[in-house]
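As structure tokens, the structure follows; a few thoughts come after it.
In this chain, residues are counted from 1 in sequence order.
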Amino acid sequence: MGYGIMAYSVEVKHLLAPSTFTAEPEDFFDWMTQVHAHALGEPATHTALRELFFAQEPTGSEGWAYGYALKVLCERFGGWLPNSHWCPVRSSWFDTVGEALRALGITFDPTDLIYSGSPVSLPPIDDFPSIGHLTLAELKPLAESLNAADLSTLEDRYLVDSITELRGWINHCVEGDTDLVCFYH
């Protein structure tokens with residue numbers, strides 16, 4: 001097992017005030033905590049999920065708990081994107097992909113997937129998960145560049161597959177009018 005990206009297609013507006021997008025917020029929250037009990041083992045994570053779901057100011061300082069709670073919200077209000085070529089990956093893989101993208105004439109730093117920050121305000125995260133997001137407005141020109149790129153010039157098959165998967169995430173979001181939120185842990 002290793003570190004990898006968990007990518008989600010989700011409208012950021014749903015993450016800013018999730019409870020407002022449900023008919024019965026308290027019932028939905030209770031159901032969500034049952035479905036995601038495996039991810040909410042720590043009391044801090046459960047508290048963080050409640051605060052994020054009801055758009056309350058964070059009361060805790062455990063940034064990691066808010067990060068994993070945000071991931072639960074992405075799973076509930078968005079869709080998971082296949083990540084077989086981004087999990088597991090070492091952190092150096094982002095540099096490798098970035099170099100290949102630059103060689104293809106694409107201006108995009110793949111570390112933005114995991115280091116551009118959370119789409120919602122969270123306490124600082126000292127370790128994991130790393131979080132990044134790209135808005136639909138940022139994704140549209142990137143989709144154009146990736147779709148126009150000739151990946152046959154790359155020799156490394158795994159690199160081609162990783163870029164193809166990234167392109168798939170971005171196209172999925174653009175076609176669905178959603179944003180992209182990623183977690184690395």
Side-chain angles (χ1 to χ4, degrees), residues 3-22 25 28-29 32-33 35-36 39-40 42 44-83 86-87 89 91 94 97-98 101 106-146 165-185:
Y3 300 116
I5 291 183
M6 278 41 78
Y8 297 90
S9 168
V10 61
E11 290 182 69
V12 167
K13 69 180 182 180
H14 292 155
L15 302 175
L16 296 173
S19 64
T20 63
F21 293 94
T22 64
F28 188 91
F29 180 79
M32 184 172 52
T33 58
V35 170
H36 294 280
L40 302 172
E42 295 286 330
T45 310
H46 189 274
T47 299
L49 181 61
R50 175 170 276 287
E51 291 172 356
L52 291 177
F53 181 73
F54 289 104
Q56 300 168 344
E57 286 295 316
T59 59
S61 60
E62 302 90 349
W64 61 268
Y66 289 88
Y68 288 113
L70 179 63
K71 185 178 171 202
V72 167
L73 293 175
C74 287
E75 290 174 12
R76 279 301 104 211
F77 290 89
W80 176 82
L81 299 168
N83 64 345
W86 287 89
C87 187
V89 293
S91 58
F94 295 92
V97 173
L101 291 174
I106 299 170
T107 306
F108 175 67
D109 182 354
T111 62
D112 286 349
L113 294 169
I114 60 169
Y115 293 131
S116 62
S118 170
V120 300
S121 180
L122 302 177
I125 300 173
D126 294 332
D127 196 12
F128 289 105
S130 297
I131 305 172
H133 78 284
L134 297 170
T135 65
L136 180 59
E138 294 169 309
L139 293 171
K140 287 179 178 180
L142 184 54
E144 289 178 16
S145 296
L146 284 168
E165 191 164 70
L166 172 63
R167 180 173 55 196
W169 296 347
I170 292 166
N171 284 332
H172 178 89
C173 291
V174 169
E175 291 164 11
D177 288 329
T178 63
D179 308 293
L180 178 66
V181 179
C182 297
F183 299 83
Y184 182 69
H185 59 91

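Counting only residues at least two apart or in different chains, salt bridge (charged side-chain N to carboxylate O under 4.0 Å, His left out) contacts with residues 44-60 comprise E26-R50. Annotation: side-chain hydrogen bond (donor to acceptor under 3.5 Å, both in side chains) contacts involving residues 116-128, sequence neighbours excluded, are absent.
Of the possible polar contacts, none joining the H133 side chain to the C182 backbone as a donor-acceptor pair under 3.5 Å is found. A donor-acceptor pair is defined here as one N or O able to donate and one able to accept, closer than 3.5 Å; such a pair exists between the side chain of W169 and the backbone of P82. Here the side chain of E138 pairs a donor or acceptor atom with the backbone of T135 at under 3.5 angstrom.
When all heavy atoms of L73 and P18 are compared, the closest pair comes out as CD1-CG, 3.9 Å. Taking all atoms of both residues into account, the shortest heavy-atom contact from C74 to V181 is SG-CG1, 3.9 Å. The nearest pair of heavy atoms linking F108 to P110 is O-CD, 3.3 Å. Heavy atoms only, all atoms of each residue included: I5 and N83 are closest at O-ND2, 2.7 Å. Summarising the geometry of H185 relative to Y68, their closest heavy-atom pair is CB-OH, 3.5 Å, with the distance given to 0.1 Å. Nearest heavy atom pair, residue N171 against residue A143, reads OD1-CB, 3.6 Å.
Looking only at side-chain heavy atoms (C-beta outward), V35 and R76 come within less than 4.5 Å of each other. In this structure the side chain of F128 never reaches within 4.5 angstrom of the side chain of W64, judged on heavy atoms. When side chains are defined from C-beta on, L70 does not count as touching L49, because their heavy atoms never get closer than 4.5 Å. Between D177 and L136, some side-chain heavy-atom pair lies under the 4.5 Å cut-off. By the 4.5 Å heavy-atom criterion applied to side chains, L142 and I106 are counted as neighbours. Contact of the P119 side chain with the D179 side chain is not registered, since no non-hydrogen atoms from C-beta on lie closer than 4.5 Å. Side chains of L52 and V72 form no contact here, defined as non-hydrogen atoms less than 4.5 Å apart. For the pair P123/S61, no side-chain contact is recorded, criterion being any heavy-atom separation below 4.5 Å from C-beta on.
The CE atom of M32 sits 7.0 Å away from atom NE2 of H36, with the distance rounded to the nearest 0.5 Å. One finds the NE2 atom of H172 at 11.5 Å from the CG atom of L139 (value rounded to the nearest 0.5 Å). C87 contributes atom SG, which lies 12.0 Å from atom OH of Y3 (distance to the nearest 0.5 angstrom). Annotation: the span from L101 atom CG to T107 atom OG1 amounts to 9.5 Å, rounded to 0.5 Å. Atoms CZ and OG1, from F54 and T20 in turn, are 11.0 Å apart once rounded to the nearest 0.5 Å.
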Using a 3.5 Å cut-off and no angle test, enumerate the donor-acceptor pairs between side-chain atoms of residues 7-15 and protein atoms at least two apart in sequence or in another chain.
| from | atom 1 | to | atom 2 | distance (Å) |
| --- | --- | --- | --- | --- |
| Y8 | OH | E75 | OE2 | 3.0 |
| S9 | OG | T178 | OG1 | 2.6 |

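With sequence neighbours excluded, the residues forming a side chain to side chain contact (heavy atoms under 4.5 Å, CB included) with A65 are A44, T45, A48, E62, listed by chain and number. Taking D109 as the reference, T111, D112 meet the side chain to side chain contact (heavy atoms under 4.5 Å, CB included) condition, with sequence neighbours excluded. Shown here are the ring-ring contact (aromatic ring centres under 6.0 Å, His included) partners of F94, two or more places apart in sequence or in another chain: W86, Y184.
Aromatic ring centroids of F29 and H46 lie under 6.0 Å apart. In this structure, F53 has its ring center under 6.0 Å from that of F28.
A side-chain contact (heavy atoms from CB on, under 4.5 Å) with I131 is found for one member of V120, I114, L122 and no other, namely L122.
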